[in-house]
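Take a look at the structure set out below.
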There are 2 protein chains.
Amino acid sequence: MLDQTGVDARLPLYLQLRDLLATQIRAQKWQPGQPIPSEAELSQTYQVAVGTVRRAIETLMAEGLVERTHGRGTFVRKARFDNSLFRFFRFESADGRPLSPKSVIVSRKLVEAPAQATAALQLKPHAKVIELHRLRMVDAQPVLAENIYLCAQRFKALADKSPEQFGDLLYPLYERECGLIVASARETLTVETVTAAQAKLLGLKEKTPVVMIERIAFGSDGQPLEWRQSRGAASKFRYSAEIR
Amino acid sequence: MLDQTGVDARLPLYLQLRDLLATQIRAQKWQPGQPIPSEAELSQTYQVAVGTVRRAIETLMAEGLVERTHGRGTFVRKARFDNSLFRFFRFESADGRPLSPKSVIVSRKLVEAPAQATAALQLKPHAKVIELHRLRMVDAQPVLAENIYLCAQRFKALADKSPEQFGDLLYPLYERECGLIVASARETLTVETVTAAQAKLLGLKEKTPVVMIERIAFGSDGQPLEWRQSRGAASKFRYSAEIR
DNA sequence: TAGTGGTCTAGACCACATG
DNA sequence: ATGTGGTCTAGACCACTAT
(Lines give C-alpha, C1' and ligand atoms only; values in the text may rest on other atoms or scores of the structure.)
Protein backbone atom coordinates (compact mmCIF):
# COMPACT_ATOMS: atom_id res chain seq x y z
CA MET A 1 0.00 0.00 0.00
CA LEU A 2 0.95 3.60 -0.43
CA ASP A 3 -0.31 4.99 2.90
CA GLN A 4 2.15 5.90 5.58
CA THR A 5 5.03 6.25 3.16
CA GLY A 6 5.38 9.97 3.51
CA VAL A 7 3.48 10.82 0.33
CA ASP A 8 0.48 13.10 0.12
CA ALA A 9 -2.57 10.82 0.20
CA ARG A 10 -4.78 13.53 -1.32
CA LEU A 11 -2.89 13.24 -4.61
CA PRO A 12 -3.99 10.83 -7.33
CA LEU A 13 -2.58 7.37 -6.84
CA TYR A 14 -0.26 7.58 -9.81
CA LEU A 15 1.30 10.76 -8.46
CA GLN A 16 1.72 9.23 -5.02
CA LEU A 17 3.52 6.33 -6.63
CA ARG A 18 5.60 8.74 -8.71
CA ASP A 19 6.67 10.60 -5.57
CA LEU A 20 7.49 7.36 -3.82
CA LEU A 21 9.61 6.10 -6.69
CA ALA A 22 11.29 9.47 -7.15
CA THR A 23 12.29 9.48 -3.49
CA GLN A 24 13.74 6.00 -3.77
CA ILE A 25 15.64 6.93 -6.91
CA ARG A 26 17.10 9.99 -5.18
CA ALA A 27 18.03 7.80 -2.21
CA GLN A 28 19.91 5.58 -4.66
CA LYS A 29 17.81 2.53 -3.91
CA TRP A 30 18.61 1.58 -7.49
CA GLN A 31 21.91 2.67 -9.01
CA PRO A 32 21.92 4.90 -12.10
CA GLY A 33 21.87 2.71 -15.17
CA GLN A 34 20.27 -0.14 -13.26
CA PRO A 35 16.67 -1.25 -13.83
CA ILE A 36 13.86 -0.53 -11.43
CA PRO A 37 11.30 -3.31 -10.85
CA SER A 38 9.01 -4.16 -13.74
CA GLU A 39 5.50 -2.81 -14.07
CA ALA A 40 4.00 -6.13 -12.98
CA GLU A 41 6.27 -6.28 -9.94
CA LEU A 42 5.52 -2.71 -8.84
CA SER A 43 1.83 -3.33 -9.41
CA GLN A 44 2.11 -6.34 -7.07
CA THR A 45 4.15 -4.74 -4.31
CA TYR A 46 2.06 -1.57 -4.12
CA GLN A 47 -1.27 -3.21 -4.93
CA VAL A 48 -2.22 -0.85 -7.74
CA ALA A 49 -3.22 -1.59 -11.31
CA VAL A 50 -0.53 -1.87 -13.96
CA GLY A 51 -2.03 1.11 -15.78
CA THR A 52 -1.48 3.24 -12.71
CA VAL A 53 2.14 2.11 -12.48
CA ARG A 54 2.60 2.96 -16.15
CA ARG A 55 1.28 6.43 -15.64
CA ALA A 56 3.60 7.02 -12.66
CA ILE A 57 6.59 5.85 -14.68
CA GLU A 58 5.58 7.93 -17.69
CA THR A 59 5.63 10.96 -15.44
CA LEU A 60 9.09 10.05 -14.17
CA MET A 61 10.24 9.64 -17.75
CA ALA A 62 8.91 13.05 -18.74
CA GLU A 63 10.91 14.45 -15.83
CA GLY A 64 14.03 12.73 -17.04
CA LEU A 65 14.52 10.53 -13.99
CA VAL A 66 14.20 7.21 -15.80
CA GLU A 67 14.53 5.79 -19.30
CA ARG A 68 12.52 2.94 -20.73
CA THR A 69 13.42 0.50 -23.47
CA HIS A 70 10.81 -1.71 -24.96
CA GLY A 71 11.53 -5.31 -24.04
CA ARG A 72 14.38 -4.45 -21.68
CA GLY A 73 12.97 -2.52 -18.79
CA THR A 74 12.93 0.83 -17.00
CA PHE A 75 16.29 2.23 -15.98
CA VAL A 76 17.41 4.96 -13.63
CA ARG A 77 18.84 7.59 -15.90
CA LYS A 78 22.53 8.20 -15.66
CA ALA A 79 23.46 11.82 -15.41
CA ARG A 80 24.22 12.90 -18.96
CA PHE A 81 26.30 16.00 -19.02
CA ASP A 82 26.35 16.31 -22.75
CA ASN A 83 22.76 17.47 -22.85
CA SER A 84 21.32 20.88 -23.53
CA LEU A 85 21.86 22.14 -20.02
CA PHE A 86 25.60 21.97 -20.56
CA ARG A 87 25.92 23.67 -23.87
CA PHE A 88 24.15 26.97 -23.43
CA PHE A 89 27.07 28.99 -24.49
CA ARG A 90 29.76 27.26 -26.36
CA PHE A 91 33.34 28.30 -26.54
CA GLU A 92 34.57 27.97 -30.05
CA SER A 93 38.06 27.90 -31.38
CA ALA A 94 38.98 29.96 -34.43
CA ASP A 95 38.02 27.08 -36.72
CA GLY A 96 34.64 26.66 -35.06
CA ARG A 97 35.30 23.52 -33.04
CA PRO A 98 33.83 23.49 -29.54
CA LEU A 99 36.26 23.91 -26.65
CA SER A 100 35.81 22.63 -23.12
CA PRO A 101 36.76 25.22 -20.56
CA LYS A 102 38.63 24.51 -17.32
CA SER A 103 37.26 25.89 -14.07
CA VAL A 104 39.07 27.63 -11.23
CA ILE A 105 37.23 28.47 -8.04
CA VAL A 106 38.60 31.85 -7.05
CA SER A 107 36.78 32.14 -3.75
CA ARG A 108 34.12 30.52 -1.63
CA LYS A 109 32.36 32.44 1.12
CA LEU A 110 29.41 31.91 3.40
CA VAL A 111 27.51 35.18 3.29
CA GLU A 112 24.12 36.67 3.90
CA ALA A 113 22.21 36.46 0.62
CA PRO A 114 22.12 39.66 -1.43
CA ALA A 115 18.64 40.86 -2.36
CA GLN A 116 18.81 39.50 -5.91
CA ALA A 117 19.83 36.07 -4.63
CA THR A 118 17.00 35.86 -2.11
CA ALA A 119 14.58 36.74 -4.91
CA ALA A 120 16.05 34.30 -7.42
CA LEU A 121 16.36 31.42 -4.96
CA GLN A 122 13.13 32.24 -3.12
CA LEU A 123 14.91 32.45 0.24
CA LYS A 124 13.88 34.20 3.42
CA PRO A 125 15.48 37.59 4.01
CA HIS A 126 18.94 37.32 5.59
CA ALA A 127 19.26 33.60 4.71
CA LYS A 128 22.80 32.35 4.32
CA VAL A 129 24.19 31.43 0.92
CA ILE A 130 27.40 29.99 -0.42
CA GLU A 131 28.97 32.49 -2.80
CA LEU A 132 31.39 31.10 -5.36
CA HIS A 133 33.58 33.15 -7.65
CA ARG A 134 34.74 31.09 -10.53
CA LEU A 135 36.86 31.67 -13.61
CA ARG A 136 36.56 29.57 -16.70
CA MET A 137 39.64 29.19 -18.83
CA VAL A 138 40.32 28.09 -22.36
CA ASP A 139 43.98 27.53 -23.23
CA ALA A 140 44.96 29.15 -19.94
CA GLN A 141 43.10 32.32 -20.95
CA PRO A 142 40.20 33.46 -18.75
CA VAL A 143 37.04 33.75 -20.84
CA LEU A 144 34.23 33.83 -18.31
CA ALA A 145 33.88 35.21 -14.79
CA GLU A 146 31.06 33.72 -12.75
CA ASN A 147 29.33 34.60 -9.49
CA ILE A 148 27.36 31.65 -8.17
CA TYR A 149 24.93 31.58 -5.25
CA LEU A 150 23.64 28.46 -3.52
CA CYS A 151 21.32 28.07 -0.56
CA ALA A 152 23.73 27.26 2.31
CA GLN A 153 21.28 24.90 3.93
CA ARG A 154 20.79 22.60 0.97
CA PHE A 155 24.37 22.75 -0.23
CA LYS A 156 26.07 22.42 3.13
CA ALA A 157 28.21 19.53 1.84
CA LEU A 158 30.00 22.07 -0.36
CA ALA A 159 30.89 24.32 2.56
CA ASP A 160 33.38 21.75 3.84
CA LYS A 161 34.74 20.20 0.68
CA SER A 162 37.91 21.70 -0.71
CA PRO A 163 37.15 23.89 -3.76
CA GLU A 164 40.15 22.43 -5.56
CA GLN A 165 38.23 19.18 -5.76
CA PHE A 166 35.10 20.68 -7.27
CA GLY A 167 36.11 19.81 -10.81
CA ASP A 168 35.21 21.57 -14.04
CA LEU A 169 31.46 21.07 -13.90
CA LEU A 170 29.30 22.03 -10.95
CA TYR A 171 26.06 20.19 -11.72
CA PRO A 172 27.60 16.72 -11.44
CA LEU A 173 29.10 17.94 -8.17
CA TYR A 174 25.72 19.07 -6.84
CA GLU A 175 24.31 15.69 -7.69
CA ARG A 176 27.20 13.73 -6.20
CA GLU A 177 27.70 15.71 -3.03
CA CYS A 178 24.26 17.08 -2.29
CA GLY A 179 21.87 14.77 -4.14
CA LEU A 180 20.44 17.72 -6.03
CA ILE A 181 19.70 17.35 -9.73
CA VAL A 182 19.41 20.35 -12.02
CA ALA A 183 16.49 19.63 -14.33
CA SER A 184 15.82 22.95 -16.04
CA ALA A 185 16.98 26.53 -16.10
CA ARG A 186 16.00 30.01 -17.17
CA GLU A 187 18.63 32.29 -18.61
CA THR A 188 18.58 35.97 -19.36
CA LEU A 189 21.20 37.61 -21.53
CA THR A 190 22.17 41.23 -21.53
CA VAL A 191 25.14 43.17 -22.87
CA GLU A 192 27.04 45.45 -20.53
CA THR A 193 30.31 47.29 -20.33
CA VAL A 194 32.93 45.72 -18.05
CA THR A 195 33.69 47.06 -14.62
CA ALA A 196 37.33 47.65 -13.78
CA ALA A 197 37.49 44.56 -11.55
CA GLN A 198 35.98 42.32 -14.20
CA ALA A 199 38.25 43.74 -16.86
CA LYS A 200 41.24 42.81 -14.76
CA LEU A 201 39.99 39.29 -14.09
CA LEU A 202 39.21 38.65 -17.73
CA GLY A 203 42.19 40.48 -19.16
CA LEU A 204 40.05 42.94 -21.11
CA LYS A 205 40.44 46.59 -21.91
CA GLU A 206 38.24 49.15 -20.22
CA LYS A 207 34.75 49.62 -21.64
CA THR A 208 34.85 46.40 -23.63
CA PRO A 209 31.31 45.08 -24.15
CA VAL A 210 30.61 41.88 -22.23
CA VAL A 211 27.67 39.51 -22.31
CA MET A 212 26.10 38.86 -18.93
CA ILE A 213 24.21 35.61 -18.64
CA GLU A 214 22.03 35.32 -15.61
CA ARG A 215 20.80 31.83 -14.87
CA ILE A 216 18.42 30.31 -12.36
CA ALA A 217 18.71 26.52 -12.27
CA PHE A 218 15.77 24.48 -11.02
CA GLY A 219 15.52 21.01 -9.52
CA SER A 220 13.13 18.38 -10.81
CA ASP A 221 10.59 19.62 -8.26
CA GLY A 222 10.76 23.10 -9.77
CA GLN A 223 12.54 24.63 -6.77
CA PRO A 224 15.32 27.09 -7.61
CA LEU A 225 18.70 25.61 -6.68
CA GLU A 226 21.32 27.94 -8.07
CA TRP A 227 21.57 31.52 -9.21
CA ARG A 228 24.54 32.61 -11.25
CA GLN A 229 25.82 35.50 -13.27
CA SER A 230 28.44 34.83 -15.93
CA ARG A 231 30.31 37.50 -17.84
CA GLY A 232 32.57 37.20 -20.84
CA ALA A 233 33.81 39.23 -23.79
CA ALA A 234 30.94 39.79 -26.19
CA SER A 235 33.06 39.32 -29.29
CA LYS A 236 33.67 35.64 -28.53
CA PHE A 237 30.11 34.80 -27.75
CA ARG A 238 27.70 32.54 -29.50
CA TYR A 239 24.50 31.50 -27.78
CA SER A 240 21.91 29.10 -29.14
CA ALA A 241 18.39 28.44 -27.96
CA GLU A 242 15.53 26.24 -29.06
CA ILE A 243 12.05 27.67 -28.71
CA ARG A 244 8.89 25.60 -28.67
CA MET B 1 -13.10 3.56 -38.80
CA LEU B 2 -9.76 5.13 -39.38
CA ASP B 3 -8.79 3.39 -42.62
CA GLN B 4 -8.83 5.31 -45.86
CA THR B 5 -8.65 8.66 -44.15
CA GLY B 6 -5.19 9.48 -45.34
CA VAL B 7 -3.42 8.47 -42.14
CA ASP B 8 -0.62 5.95 -41.88
CA ALA B 9 -2.27 2.66 -40.89
CA ARG B 10 1.03 1.26 -39.63
CA LEU B 11 1.00 3.76 -36.76
CA PRO B 12 -0.59 2.94 -33.41
CA LEU B 13 -4.30 3.69 -33.37
CA TYR B 14 -3.99 6.64 -31.02
CA LEU B 15 -1.45 8.29 -33.31
CA GLN B 16 -3.64 7.72 -36.36
CA LEU B 17 -6.47 9.40 -34.50
CA ARG B 18 -4.16 12.22 -33.43
CA ASP B 19 -3.13 12.81 -37.06
CA LEU B 20 -6.73 12.74 -38.17
CA LEU B 21 -7.82 15.24 -35.55
CA ALA B 22 -4.79 17.42 -36.18
CA THR B 23 -5.65 17.58 -39.88
CA GLN B 24 -9.22 18.53 -39.14
CA ILE B 25 -8.12 21.21 -36.69
CA ARG B 26 -5.74 22.68 -39.27
CA ALA B 27 -8.58 22.60 -41.82
CA GLN B 28 -10.66 24.63 -39.36
CA LYS B 29 -13.34 21.97 -39.02
CA TRP B 30 -13.76 23.40 -35.54
CA GLN B 31 -13.10 27.09 -34.95
CA PRO B 32 -10.36 28.13 -32.53
CA GLY B 33 -11.87 28.47 -29.09
CA GLN B 34 -14.67 26.07 -29.95
CA PRO B 35 -14.94 22.57 -28.45
CA ILE B 36 -14.14 19.42 -30.39
CA PRO B 37 -16.47 16.44 -29.83
CA SER B 38 -16.33 14.76 -26.44
CA GLU B 39 -14.29 11.64 -25.76
CA ALA B 40 -17.40 9.48 -25.81
CA GLU B 41 -18.53 10.95 -29.11
CA LEU B 42 -15.17 10.49 -30.80
CA SER B 43 -14.97 6.98 -29.40
CA GLN B 44 -18.35 6.28 -31.04
CA THR B 45 -17.71 7.87 -34.42
CA TYR B 46 -14.31 6.27 -34.92
CA GLN B 47 -15.10 3.01 -33.14
CA VAL B 48 -12.14 3.07 -30.79
CA ALA B 49 -12.03 2.80 -27.02
CA VAL B 50 -12.29 5.96 -24.93
CA GLY B 51 -8.82 5.34 -23.54
CA THR B 52 -7.42 5.49 -27.06
CA VAL B 53 -9.22 8.76 -27.72
CA ARG B 54 -7.81 10.13 -24.48
CA ARG B 55 -4.29 9.25 -25.50
CA ALA B 56 -4.72 10.92 -28.90
CA ILE B 57 -6.04 14.09 -27.28
CA GLU B 58 -3.30 14.08 -24.65
CA THR B 59 -0.79 14.07 -27.49
CA LEU B 60 -2.54 16.99 -29.17
CA MET B 61 -2.51 18.84 -25.88
CA ALA B 62 1.21 18.27 -25.43
CA GLU B 63 1.66 19.74 -28.90
CA GLY B 64 -0.36 22.78 -27.98
CA LEU B 65 -3.14 22.24 -30.51
CA VAL B 66 -5.95 21.86 -27.97
CA GLU B 67 -6.72 22.78 -24.39
CA ARG B 68 -8.82 20.76 -21.99
CA THR B 69 -10.82 21.89 -19.00
CA HIS B 70 -12.17 19.38 -16.57
CA GLY B 71 -15.95 19.32 -16.79
CA ARG B 72 -16.11 21.68 -19.78
CA GLY B 73 -14.54 19.96 -22.71
CA THR B 74 -11.65 19.98 -25.15
CA PHE B 75 -11.12 23.20 -27.11
CA VAL B 76 -9.14 24.13 -30.18
CA ARG B 77 -6.44 26.44 -28.94
CA LYS B 78 -6.68 29.99 -30.17
CA ALA B 79 -3.55 31.29 -31.80
CA ARG B 80 -1.84 33.00 -28.94
CA PHE B 81 0.77 35.40 -30.11
CA ASP B 82 1.79 36.22 -26.59
CA ASN B 83 3.51 32.87 -26.23
CA SER B 84 7.18 32.10 -26.09
CA LEU B 85 7.72 32.32 -29.83
CA PHE B 86 6.74 35.97 -29.75
CA ARG B 87 8.74 37.18 -26.83
CA PHE B 88 12.26 36.08 -27.52
CA PHE B 89 13.61 39.51 -27.21
CA ARG B 90 11.50 42.01 -25.43
CA PHE B 91 11.63 45.70 -25.86
CA GLU B 92 11.41 47.36 -22.50
CA SER B 93 10.61 50.92 -21.64
CA ALA B 94 12.69 52.77 -19.08
CA ASP B 95 10.43 51.56 -16.28
CA GLY B 96 10.70 47.94 -17.38
CA ARG B 97 7.28 47.54 -19.01
CA PRO B 98 7.22 45.56 -22.24
CA LEU B 99 6.69 47.54 -25.44
CA SER B 100 5.15 46.28 -28.65
CA PRO B 101 7.13 47.39 -31.66
CA LYS B 102 5.62 48.56 -34.95
CA SER B 103 6.87 47.05 -38.18
CA VAL B 104 7.79 48.73 -41.43
CA ILE B 105 8.65 46.66 -44.49
CA VAL B 106 11.46 48.58 -46.14
CA SER B 107 11.73 46.37 -49.20
CA ARG B 108 10.55 43.11 -50.69
CA LYS B 109 12.46 41.40 -53.48
CA LEU B 110 12.38 38.11 -55.27
CA VAL B 111 15.98 36.99 -55.45
CA GLU B 112 18.13 33.94 -55.85
CA ALA B 113 18.79 32.56 -52.39
CA PRO B 114 22.15 33.48 -50.88
CA ALA B 115 24.25 30.53 -49.72
CA GLN B 116 23.36 30.94 -46.06
CA ALA B 117 19.65 30.99 -46.89
CA THR B 118 19.79 27.81 -48.98
CA ALA B 119 21.56 26.11 -46.08
CA ALA B 120 19.17 27.39 -43.42
CA LEU B 121 16.02 26.69 -45.43
CA GLN B 122 17.34 23.47 -46.99
CA LEU B 123 16.70 24.72 -50.52
CA LYS B 124 18.24 23.62 -53.77
CA PRO B 125 21.05 25.81 -55.09
CA HIS B 126 19.78 28.86 -57.00
CA ALA B 127 16.24 28.49 -55.61
CA LYS B 128 14.23 31.71 -55.45
CA VAL B 129 13.45 33.34 -52.13
CA ILE B 130 11.46 36.32 -50.98
CA GLU B 131 13.79 38.75 -49.23
CA LEU B 132 12.22 41.18 -46.80
CA HIS B 133 13.97 44.07 -45.14
CA ARG B 134 12.06 45.20 -42.12
CA LEU B 135 12.49 47.84 -39.46
CA ARG B 136 10.91 47.54 -36.06
CA MET B 137 10.07 50.76 -34.31
CA VAL B 138 9.25 51.72 -30.75
CA ASP B 139 7.97 55.26 -30.24
CA ALA B 140 8.90 56.07 -33.85
CA GLN B 141 12.52 55.11 -33.10
CA PRO B 142 14.03 52.23 -35.09
CA VAL B 143 15.29 49.55 -32.70
CA LEU B 144 15.75 46.48 -34.85
CA ALA B 145 16.75 45.90 -38.48
CA GLU B 146 15.73 42.55 -39.93
CA ASN B 147 16.59 40.58 -43.04
CA ILE B 148 14.05 37.85 -43.65
CA TYR B 149 14.18 35.04 -46.20
CA LEU B 150 11.26 32.87 -47.25
CA CYS B 151 11.05 30.09 -49.82
CA ALA B 152 9.36 31.78 -52.82
CA GLN B 153 7.45 28.67 -53.72
CA ARG B 154 5.71 28.15 -50.41
CA PHE B 155 5.17 31.83 -49.67
CA LYS B 156 4.03 32.88 -53.13
CA ALA B 157 0.90 34.50 -51.66
CA LEU B 158 3.21 37.12 -50.12
CA ALA B 159 4.80 38.03 -53.44
CA ASP B 160 1.58 39.69 -54.59
CA LYS B 161 0.14 41.13 -51.41
CA SER B 162 1.04 44.74 -50.67
CA PRO B 163 3.70 44.92 -47.94
CA GLU B 164 1.82 47.79 -46.31
CA GLN B 165 -0.83 45.25 -45.39
CA PHE B 166 1.52 42.78 -43.77
CA GLY B 167 0.90 44.12 -40.27
CA ASP B 168 3.21 44.12 -37.28
CA LEU B 169 3.57 40.37 -36.87
CA LEU B 170 4.64 38.04 -39.64
CA TYR B 171 3.74 34.65 -38.18
CA PRO B 172 0.01 35.33 -38.09
CA LEU B 173 0.41 36.54 -41.69
CA TYR B 174 2.14 33.33 -42.75
CA GLU B 175 -0.69 31.38 -41.19
CA ARG B 176 -3.45 33.52 -42.71
CA GLU B 177 -2.04 33.96 -46.21
CA CYS B 178 -0.01 30.80 -46.73
CA GLY B 179 -1.46 28.30 -44.25
CA LEU B 180 1.97 27.83 -42.70
CA ILE B 181 2.23 27.62 -38.92
CA VAL B 182 5.48 28.32 -37.13
CA ALA B 183 5.77 25.71 -34.40
CA SER B 184 9.33 26.02 -33.19
CA ALA B 185 12.52 27.91 -33.82
CA ARG B 186 16.24 27.87 -33.22
CA GLU B 187 18.00 31.12 -32.45
CA THR B 188 21.65 31.97 -32.28
CA LEU B 189 22.88 35.18 -30.71
CA THR B 190 26.12 36.91 -31.37
CA VAL B 191 27.44 40.39 -30.69
CA GLU B 192 28.90 42.41 -33.56
CA THR B 193 29.90 45.94 -34.41
CA VAL B 194 27.50 47.78 -36.70
CA THR B 195 28.20 48.28 -40.36
CA ALA B 196 27.80 51.80 -41.70
CA ALA B 197 24.54 50.95 -43.46
CA GLN B 198 23.02 49.39 -40.36
CA ALA B 199 24.17 52.28 -38.21
CA LYS B 200 22.33 54.67 -40.49
CA LEU B 201 19.15 52.58 -40.48
CA LEU B 202 19.15 52.22 -36.72
CA GLY B 203 20.38 55.72 -35.94
CA LEU B 204 23.49 54.49 -34.13
CA LYS B 205 27.02 55.78 -33.93
CA GLU B 206 29.80 53.97 -35.70
CA LYS B 207 31.23 50.90 -33.97
CA THR B 208 28.34 50.59 -31.57
CA PRO B 209 27.97 46.98 -30.44
CA VAL B 210 24.82 45.32 -31.78
CA VAL B 211 23.25 41.97 -31.01
CA MET B 212 22.60 39.81 -34.05
CA ILE B 213 19.88 37.24 -33.62
CA GLU B 214 19.74 34.61 -36.29
CA ARG B 215 16.59 32.56 -36.32
CA ILE B 216 15.36 29.56 -38.26
CA ALA B 217 11.64 29.02 -37.78
CA PHE B 218 10.21 25.54 -38.33
CA GLY B 219 6.72 24.33 -39.22
CA SER B 220 4.89 21.67 -37.27
CA ASP B 221 6.38 19.09 -39.63
CA GLY B 222 9.88 20.21 -38.73
CA GLN B 223 10.56 21.81 -42.13
CA PRO B 224 12.41 25.16 -42.02
CA LEU B 225 10.08 27.96 -43.12
CA GLU B 226 11.87 31.21 -42.43
CA TRP B 227 15.41 32.38 -41.91
CA ARG B 228 16.02 35.79 -40.44
CA GLN B 229 18.75 37.94 -39.05
CA SER B 230 17.81 40.74 -36.66
CA ARG B 231 20.16 43.40 -35.41
CA GLY B 232 19.69 45.96 -32.67
CA ALA B 233 21.69 48.04 -30.23
CA ALA B 234 23.20 45.75 -27.61
CA SER B 235 22.62 48.15 -24.75
CA LYS B 236 18.85 47.82 -25.01
CA PHE B 237 18.77 44.08 -25.25
CA ARG B 238 17.37 41.50 -22.92
CA TYR B 239 16.92 37.95 -24.05
CA SER B 240 15.36 35.11 -22.04
CA ALA B 241 15.43 31.40 -22.68
CA GLU B 242 14.12 28.32 -20.91
CA ILE B 243 16.27 25.22 -21.01
CA ARG B 244 15.03 21.72 -20.33
C1' DT C 1 11.11 -19.03 -24.79
C1' DA C 2 10.40 -15.90 -21.06
C1' DG C 3 10.06 -11.35 -19.56
C1' DT C 4 9.64 -6.65 -20.56
C1' DG C 5 7.26 -2.50 -22.04
C1' DG C 6 3.53 -0.73 -25.72
C1' DT C 7 -1.18 -0.72 -27.32
C1' DC C 8 -6.01 -1.28 -26.82
C1' DT C 9 -10.22 -2.40 -24.74
C1' DA C 10 -14.38 -1.98 -21.53
C1' DG C 11 -16.17 -0.35 -17.82
C1' DA C 12 -16.59 1.85 -12.98
C1' DC C 13 -16.41 5.72 -10.26
C1' DC C 14 -15.05 10.50 -9.14
C1' DA C 15 -14.58 15.68 -9.64
C1' DC C 16 -15.70 19.67 -12.00
C1' DA C 17 -18.63 23.02 -14.78
C1' DT C 18 -22.95 24.35 -16.41
C1' DG C 19 -27.82 25.16 -16.76
C1' DA D 1 -29.28 16.80 -13.09
C1' DT D 2 -26.44 16.27 -16.96
C1' DG D 3 -22.34 16.00 -19.45
C1' DT D 4 -17.58 16.62 -19.41
C1' DG D 5 -12.83 15.19 -18.45
C1' DG D 6 -9.76 12.65 -14.64
C1' DT D 7 -8.57 8.46 -12.20
C1' DC D 8 -8.34 3.59 -11.67
C1' DT D 9 -9.03 -1.10 -12.61
C1' DA D 10 -8.44 -5.73 -15.02
C1' DG D 11 -7.22 -8.05 -18.60
C1' DA D 12 -5.95 -9.19 -23.62
C1' DC D 13 -2.75 -9.09 -27.10
C1' DC D 14 1.41 -7.35 -29.52
C1' DA D 15 6.44 -6.13 -30.22
C1' DC D 16 10.87 -5.93 -28.65
C1' DT D 17 15.13 -7.83 -26.09
C1' DA D 18 17.57 -11.14 -24.09
C1' DT D 19 19.15 -16.04 -23.38
Side-chain angles (χ1 to χ4, degrees), chain A residues 1-3 5 7-22 25 30-78, chain B residues 1-3 5 7-22 25 30-78:
Chain A
M1 307 297 266
L2 290 180
D3 358 333
T5 46
V7 301
D8 190 336
R10 296 164 303 180
L11 258 34
L13 247 190
Y14 77 94
L15 280 183
Q16 293 181 44
L17 181 53
R18 182 228 87 101
D19 289 349
L20 191 54
L21 293 172
I25 288 170
W30 308 287
Q31 295 297 315
Q34 291 310 112
I36 71 171
S38 72
E39 296 180 347
E41 209 167 332
L42 289 169
S43 155
Q44 259 298 319
T45 54
Y46 295 112
Q47 292 293 303
V48 296
V50 193
T52 306
V53 175
R54 284 192 67 74
R55 186 122 190 233
I57 295 181
E58 272 163 14
T59 310
L60 288 173
M61 209 173 44
E63 295 169 330
L65 279 171
V66 299
E67 283 173 339
R68 321 192 77 180
T69 319
H70 192 168
R72 291 214 317 136
T74 303
F75 301 82
V76 176
R77 222 189 69 170
K78 286 185 203 165
Chain B
M1 307 297 266
L2 290 180
D3 0 333
T5 45
V7 300
D8 190 337
R10 297 165 303 180
L11 258 36
L13 248 190
Y14 77 93
L15 281 182
Q16 294 180 43
L17 182 53
R18 183 228 86 100
D19 289 348
L20 191 56
L21 293 173
I25 288 172
W30 308 288
Q31 295 299 313
Q34 291 312 109
I36 71 172
S38 72
E39 296 180 349
E41 210 165 334
L42 291 170
S43 154
Q44 260 297 319
T45 54
Y46 295 112
Q47 292 294 302
V48 295
V50 194
T52 306
V53 175
R54 284 191 68 74
R55 186 121 191 235
I57 295 181
E58 272 164 15
T59 310
L60 289 173
M61 208 175 42
E63 295 169 331
L65 279 170
V66 299
E67 284 173 338
R68 322 192 78 181
T69 319
H70 191 169
R72 291 216 316 137
T74 303
F75 301 83
V76 176
R77 226 188 63 169
K78 287 185 205 166

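So you know, we letter chains A, B, ... as the sequences are listed, proteins then strands, and number each from 1.
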Can you tell me how far [atom2] of [N] sits from [atom1] of [X], to the nearest Å?
| X | N | atom1 | atom2 | answer |
| --- | --- | --- | --- | --- |
| A/E39 | C/dC8 | CD | P | 15 Å |
| B/F75 | C/dT18 | CZ | C1' | 11 Å |
| A/Q44 | D/dT9 | CD | P | 13 Å |
| B/Q47 | C/dT9 | CD | C1' | 13 Å |
| B/R10 | C/dG6 | CZ | C1' | 18 Å |
| B/E67 | C/dA17 | CD | C1' | 16 Å |
| B/L17 | C/dT7 | CG | P | 14 Å |
| B/E41 | D/dT4 | CD | P | 7 Å |

Shortest non-hydrogen contact from [X] toward [Y]:
| X | Y | answer |
| --- | --- | --- |
| A/L42 | A/P37 | CD1-O, 3.6 Å |
| A/R10 | A/D8 | NH2-OD2, 2.7 Å |
| B/A56 | B/R18 | CB-N, 3.8 Å |

With the side chain of [X] defined as its heavy atoms from C-beta on, choose the nearest nucleotide among [options].
| X | options | value |
| --- | --- | --- |
| B/Y14 | D/dT7, C/dC8, C/dT18 | C/dC8 |
| B/S38 | D/dG6, C/dG5, D/dT4 | D/dT4 |
| A/A49 | D/dT7, D/dT9, C/dT7 | D/dT9 |
| B/T74 | C/dG6, D/dG5, D/dT7 | D/dG5 |

Nearest-nucleotide wise, let me know which of B/R55 and B/V50 is further upstream toward the 5' end of DNA chain C.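 Closer to the 5' end of DNA chain C: B/R55.
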
Closest-nucleotide mapping onto DNA chain D: is B/R68 or A/V53 further toward the 5' terminus? I mean the 5' end.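 On the 5' side of the pair lies B/R68.
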
On DNA chain D, check which nucleotide each of A/L15 and A/G71 is closest to and give me the residue with the more 5' one.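 The 5'-side residue here is A/L15.
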
Does A/R72 pair with A/E67 as a salt bridge, N-O distance under 4.0 Å?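 No, this pair does not count.
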
Is there aromatic stacking of B/H70 on C/dA17 here, judged by a ring-centre distance under 5.5 Å and a plane angle under 30°? no

Tell me whether the side-chain N/O atoms of [X] come closer than 4.0 Å to OP1 or OP2 in [N].
| X | N | answer |
| --- | --- | --- |
| B/T52 | C/dT9 | yes |
| A/R54 | C/dG5 | no |
| B/R72 | D/dG3 | no |

Please determine whether the number of non-hydrogen atoms from other residues, nucleotides or ligands lying under 6.0 Å from atom CD of B/E58 exceeds 12.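 Yes, because the 6.0 Å sphere around CD of B/E58 holds more than 12 heavy atoms from other groups.
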
